[in-house]
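As structure tokens, the structure follows; a few thoughts come after it.
Remember, predicted model here, so these are calculated numbers, not experimental data.
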Amino acid sequence: MELNLSPKFAQKIFEGEGGTYYSWSSTEYELLKEAKVGGGRLLLQPRGFAFPHYADSNKIGYVLQGSGGVVGMVYPKASQEMVLKLKAGDIIPVPSRAISWWYNDGESELEILFVGETSKAYVPGEFTYFLLAGTLGILGGFSTEFNSRAYNLNNEEAESLAKSQAGVLLIKLREGQKMPQPCKNSTDKMVYDIDAASPDFHVRNAGSLTSLTEKRFPFIGEVGLSAILVKLVGNAMASPIYAADSSVGVIYVAKGSGRIQVVGINGASVLDTELKAGHLCVVPRFFVASTIADGEGMEYLSMITTTQPLFGEFIGETSVWGALSPQVLQASLNLTPEFEQVFRTKIKQSTILVPPQD
């Protein structure tokens, strides 16, 4: 099976005064289509406003930068929207059935990464959006007759309703224009600050690993996904692991740079390359992956296509090597009893995050 796992940068899809939207193309990165996952990135300038829309895929949003983010969500049959506050480090699940709008109420850029699964998408490996407003909005697709009858308007009013907004995907609101204020209670239930959360693992001189599952954050169960935030100090390593539950991993490098190796079917090295900030990289089902940060360190978010991921580890107390009996380990790797014992001791002394070598 020939798979091109090389990480890719997003491509610019739309740019306007209010901001820019980027996406990863399944044509350019065919593994997205095969793995049924996708990604996009929204950059909003101050007062930038992304029109209300819904999509054909469940996803999570991860705020890369900014402190004045505001998002509104409306669920089918709901009588009013929920307005939430966003800042750098936040994760917000975005179910496909929810209508959402996004606004930058801050004085600096607001940047949000979106990653999700696309098993029900019109274009496998990509998100398709259905806009409510603007030149690509659903109102413009209906005739004046249909709009006038549906909304109980005269023809002139229906024409104005459908065509007054000349923006396409996102716009910049005029200075002083008011937008709804976030609700703290709703934000606490629907937004999770993974950057400030207590890590699952923190290794001195190596870094930290923080997982976000349905058990820790119930709302993420709405999208059937989970996330892991890895922060590596300079030259530290995230040791080899694989998803034992057949889930797919999508890695996005938020800061720094490093290197990744992935081993696939028949022990083949399927990827050995650099990772840079802005790269998206897909790790297929059951493949084993490991990363090493460059001297400046590296931070990346990994989206997993299940709510309760289960990983096989090769290092540490729960190492699969360490669980095998001495006889099986010696026979499998053709080791002497003495070297098998050295190997087993080294495994137990190591951790999933490995400090730089002296």
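When side chains are defined from C-beta on, Val250 does not count as touching Trp24, because their heavy atoms never get closer than 4.5 Å. Looking only at side-chain heavy atoms (C-beta outward), Leu110 and Trp102 stay at 4.5 Å or farther from each other. In this structure, Arg97 and Glu222 have side chains that are in contact, with non-hydrogen atoms separated by less than 4.5 Å. Residues Pro95 and Tyr75 form a side-chain contact, since some pair of their non-hydrogen atoms from C-beta on lies under 4.5 Å apart. In this structure, Glu117 and Lys36 have side chains that are not in contact, with every pair of non-hydrogen atoms separated by 4.5 Å or more. The shortest distance between side-chain heavy atoms of Leu136 and Leu169 does not fall below 4.5 Å. Residues Met179 and Asp105 have side chains not in contact (no heavy-atom distance under 4.5 Å, counting atoms from C-beta outward). Contact of the Pro337 side chain with the Gln330 side chain is registered, since non-hydrogen atoms from C-beta on lie closer than 4.5 Å.
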Check: When you look at Tyr62 and Leu229, which way does the side chain to side chain contact (heavy atoms under 4.5 Å, CB included) test go after all the steps?
Finding: CA-CA 10 Å; Tyr62 175 55; Leu229 179 64; 3.7 Å; yes
Checklist line | Test side chain to side chain contact (heavy atoms under 4.5 Å, CB included) applied to Ser302 and Val230, step by step | finding: CA-CA 8 Å; Ser302 181; Val230 178; 5.9 Å; no
Check: Step by step, would you call Ile112 with Ile92 a side chain to side chain contact (heavy atoms under 4.5 Å, CB included)?
Finding: CA-CA 10 Å; Ile112 306 170; Ile92 176 170; 5.6 Å; no
Check: What do the steps show when you test Gln65 against Leu43 for side chain to side chain contact (heavy atoms under 4.5 Å, CB included), and what is the final call?
Finding: CA-CA 9 Å; Gln65 63 170 318; Leu43 179 67; 4.2 Å; yes
Notebook entry, point to check: Going through the distances and angles, do Asp272 and Arg259 end up as a salt bridge (charged side-chain N to carboxylate O under 4.0 Å, His left out)?
Noted result: CA-CA 7 Å; Asp272 183 356; Arg259 183 179 169 195; 2.8 Å; yes
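A donor-acceptor pair is defined here as one N or O able to donate and one able to accept, closer than 3.5 Å; no such pair exists between the side chain of Asn235 and the backbone of Pro356. Side-chain N or O atoms of Glu340 include none that pairs as donor or acceptor with a backbone N or O of Leu335 at under 3.5 Å. In this structure a side-chain-to-backbone donor-acceptor pair under 3.5 Å is present from Thr345 to Gln341. No side-chain donor-acceptor contact under 3.5 Å links Asp193 to the backbone of Ala197. Side-chain N or O atoms of Asn205 include none that pairs as donor or acceptor with a backbone N or O of Pro355 at under 3.5 Å. Checking side-chain atoms of Asn4 against main-chain N and O of Ser6 turns up a donor-acceptor pair under 3.5 Å.
Ring pair His53/Tyr129 is perpendicular by interplanar angle, where above 60° counts as perpendicular and below 30° as parallel. Between Phe51 and Phe49, the ring planes lie perpendicular to each other; the angle is over 60°, past the 30° to 60° tilted range. The aromatic rings of Tyr242 and Phe314 sit tilted relative to each other, their planes meeting at an angle between 30° and 60°.
Checked against the 6.0 Å centroid criterion, the rings of Phe14 and Tyr21 do not qualify as a close aromatic pair. The ring of Tyr252 has its center no closer than 6.0 angstrom to the ring center of His279.
With no hydrogens or angles considered, no side-chain donor-acceptor pair links Ser148 and Thr144 at under 3.5 Å. For Ser290 and Gln261, the side-chain atoms include no donor-acceptor pair closer than 3.5 Å. Of the N and O atoms on the side chains of Ser257 and Asp294, at least one donor lies less than 3.5 Å from an acceptor on the other residue. Residues Ser143 and Glu145 have side chains that never bring a donor and an acceptor to within less than 3.5 angstrom of each other.
One hydrophobic cluster, built from ILVMFWY side chains closer than 4.5 Å, holds both Ile228 and Val223. By the rule that hydrophobic residues join a cluster once side-chain heavy atoms approach within less than 4.5 Å of another member, Val282 and Phe9 end up as members of separate clusters. Taken together through direct or relayed side-chain contacts under 4.5 Å among Ile, Leu, Val, Met, Phe, Trp and Tyr, Trp321 and Phe339 form part of one hydrophobic cluster. In this structure, Ile304 is a member of the same hydrophobic cluster as Phe219, with clusters built from ILVMFWY side-chain heavy atoms closer than 4.5 Å. One hydrophobic cluster, built from ILVMFWY side chains closer than 4.5 Å, holds both Phe311 and Phe201.
The structure places CG of Leu31 at 10.5 Å from NZ of Lys8, a figure rounded to the nearest 0.5 Å. Here CG of Leu161 is found 7.0 Å from OH of Tyr151. Values are rounded to the nearest 0.5 Å. The line from CG of Leu212 to CD1 of Ile60 is 7.5 Å long, rounded to the nearest 0.5 Å. Separating the CD atom in Glu30 from the CG atom in Leu3 is a distance of 10.0 Å, to the nearest 0.5 Å. A distance of 10.0 Å separates CD in Glu15 from CG in Leu170, rounded to the nearest 0.5 Å. One distance of note links CD1 of Ile265 with CZ of Phe286; it measures 10.5 Å at 0.5 Å rounding.
At a threshold of 4.0 Å, the pair Asp90-Lys85 does not count as salt-bridged, since none of the basic side-chain nitrogens sits closer than that to a carboxylate oxygen.
The two atoms that bring Phe217 and Lys189 nearest to each other are CE1-O, 3.4 Å, heavy atoms only. Across all non-hydrogen atoms, the minimal contact from Ser226 to Ile220 is CA-CD1, 3.9 Å. Nearest heavy atoms, Asp245 versus Gln308: OD2-O, 3.7 Å. When all heavy atoms of Pro52 and Ile99 are compared, the closest pair comes out as CB-CG2, 4.1 Å. Nearest heavy atom pair, residue Val248 against residue Arg285, reads CG2-CG, 3.7 Å. Contact between Ile315 and Thr351 at its shortest, heavy atoms only, is CG2-O, 3.3 Å.
Around NZ of Lys348, the count of heavy atoms belonging to other residues, nucleotides or ligands within 6.0 Å exceeds 12. In this structure, Asn154 places its CG atom where more than 12 heavy-atom neighbours from other residues, nucleotides or ligands lie under 6.0 Å away. When the shell of 6.0 Å around CD of Gln80 is examined, it contains 12 or fewer heavy atoms from other residues, nucleotides or ligands.
For the pairing with Phe127, the side-chain contact (heavy atoms from CB on, under 4.5 Å) check across Thr118, Val94, Asn58 returns one residue only, Thr118.
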